2 protein chains.
Amino acid sequence: MNVPDQVSEGLAICQLRDVLDRVGDKWSVLIMAILGDGPRRYSELRRSIDGISQRMLTLTLRSLERDGLVIRTVTPSTPPRVDYELTPVGHTLSTEVGSLIKWSEQHREYISMSRRTFDAE
Amino acid sequence: MNVPDQVSEGLAICQLRDVLDRVGDKWSVLIMAILGDGPRRYSELRRSIDGISQRMLTLTLRSLERDGLVIRTVTPSTPPRVDYELTPVGHTLSTEVGSLIKWSEQHREYISMSRRTFDAE
DNA sequence: CGGAATCCGTTCCGATACTG
DNA sequence: CAGTATCGGAACGGATTCCG
């Protein structure tokens, strides 16, 4: 991966931090994974993601929209309707996340076994 | 990506959460990126990662060791010497992280531009 | 050198209540 | 339906001190 000696001064790593802050929070990837299947309404997202509060759903969607990863479309009807969908760039990140999901599926057992072994001491 | 309706009840997503919790914290990937280049001593890691506290370096390394991603080797000399290196599984995760780094390099400009546009309102 | 332990501010985020 | 606003507990993590 060719990491410079003073890593945090390397530009690549600063960028990495940005992405990890973007992707590493509690709900972002979950939302991106769902939107990877296609557009969803606000209420659909809420029902799909068990345990998310209204507050965090809104905050996370705003943040994704701000970063150009999600598009928000308001239909001013009564009741109002809001749809969310991935942007093209959002889709590419969603793909990266998918590869992380595969990794986690393949190594889940190894990790939980490692933890049990480690905790046994 | 084929995500089930009730996402959080899907096993895949729970695993994903595990990995993101693993990788998403402040220092883990940084450390894994450095160790991807080869083994390092505790003091080398400390110098390499600008801004990390002794506490967080130790905690993060312990957690990586617990998950079977890093191996800790103690040489009981005076002064003592401790080396850290990736396990084979640790290397595979390090590779995944590398792909995320690439993504972040390619879209950094897009994201910061999106933010400026969004914040202009 | 490589930690462990404590203290403590900040940030995160869930619960709740209210709104157009 | 799709938010916004406020509060308060919990967790994260930095600074400091002490130790074999």
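Order of the sequence lines sets the chain letters (A, B, ...), proteins ahead of strands, with each chain counted from 1. Keep in mind that what you see is a predicted model, and the values were worked out from it rather than measured.
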Note to self: If the condition is side-chain hydrogen bond (donor to acceptor under 3.5 Å, both in side chains), which residues does Trp103(A) pass it with, not counting sequence neighbours?
What the structure shows: His107(A), Thr92(B)
Margin query: Checking Arg55(B) now: which residues fulfil salt bridge (charged side-chain N to carboxylate O under 4.0 Å, His left out) with it, not counting sequence neighbours?
Written below: none
Checklist line | Qualifying residues under side-chain hydrogen bond (donor to acceptor under 3.5 Å, both in side chains), relative to Glu65(B), sequence neighbours excluded | finding: none
Next item on the list: Check DNA chain C against residues 63-84 of chain B and give the residues with a non-hydrogen atom under 4.0 Å, in numerical order.
Entry: Arg72(B), Pro79(B), Pro80(B), Arg81(B), Val82(B), Tyr84(B)
Checklist line | 5' to 3' contact window, DNA chain D with chain B (heavy-atom distance under 4.0 Å) | finding: dG13(D) to dG20(D)
Check: With Arg62(B), which residues qualify under side-chain hydrogen bond (donor to acceptor under 3.5 Å, both in side chains), at least two apart?
Finding: none
Notebook entry, point to check: Salt bridge check: are Arg40(A) and Asp83(A) linked by an N-O gap of less than 4.0 Å?
Noted result: no
Margin query: For chain B and DNA chain C, what are the first and last nucleotides along the strand, 5' to 3', with at least one atom under 4.0 angstrom from a heavy atom of the protein chain?
Written below: dC1(C) to dT6(C)
Note to self: Going by salt bridge (charged side-chain N to carboxylate O under 4.0 Å, His left out), name the residues that satisfy it together with Arg46(B), two or more places apart in sequence or in a different chain.
What the structure shows: none
Item checked: Under the salt bridge (charged side-chain N to carboxylate O under 4.0 Å, His left out) test, residues paired with Arg41(A) that sit two or more places apart -> none
Notebook entry, point to check: Under 4.0 angstrom, heavy atoms only, what part of the nucleic acid is Arg41(B) near: base, sugar-phosphate, or nothing?
Noted result: sugar-phosphate
Checklist line | Pairing string, 5' to 3', for DNA chain D - Watson-Crick or wobble contacts under 3.5 Å, brackets [ ] where pairs cross, | to another strand | finding: ||||||||||||||||||||
Item checked: Arg115(A): salt bridge (charged side-chain N to carboxylate O under 4.0 Å, His left out) partners, not counting sequence neighbours -> Asp67(B)
Notebook entry, point to check: Mind checking what makes side-chain contact (heavy atoms from CB on, under 4.5 Å) contact with Thr78(B), not counting sequence neighbours?
Noted result: none
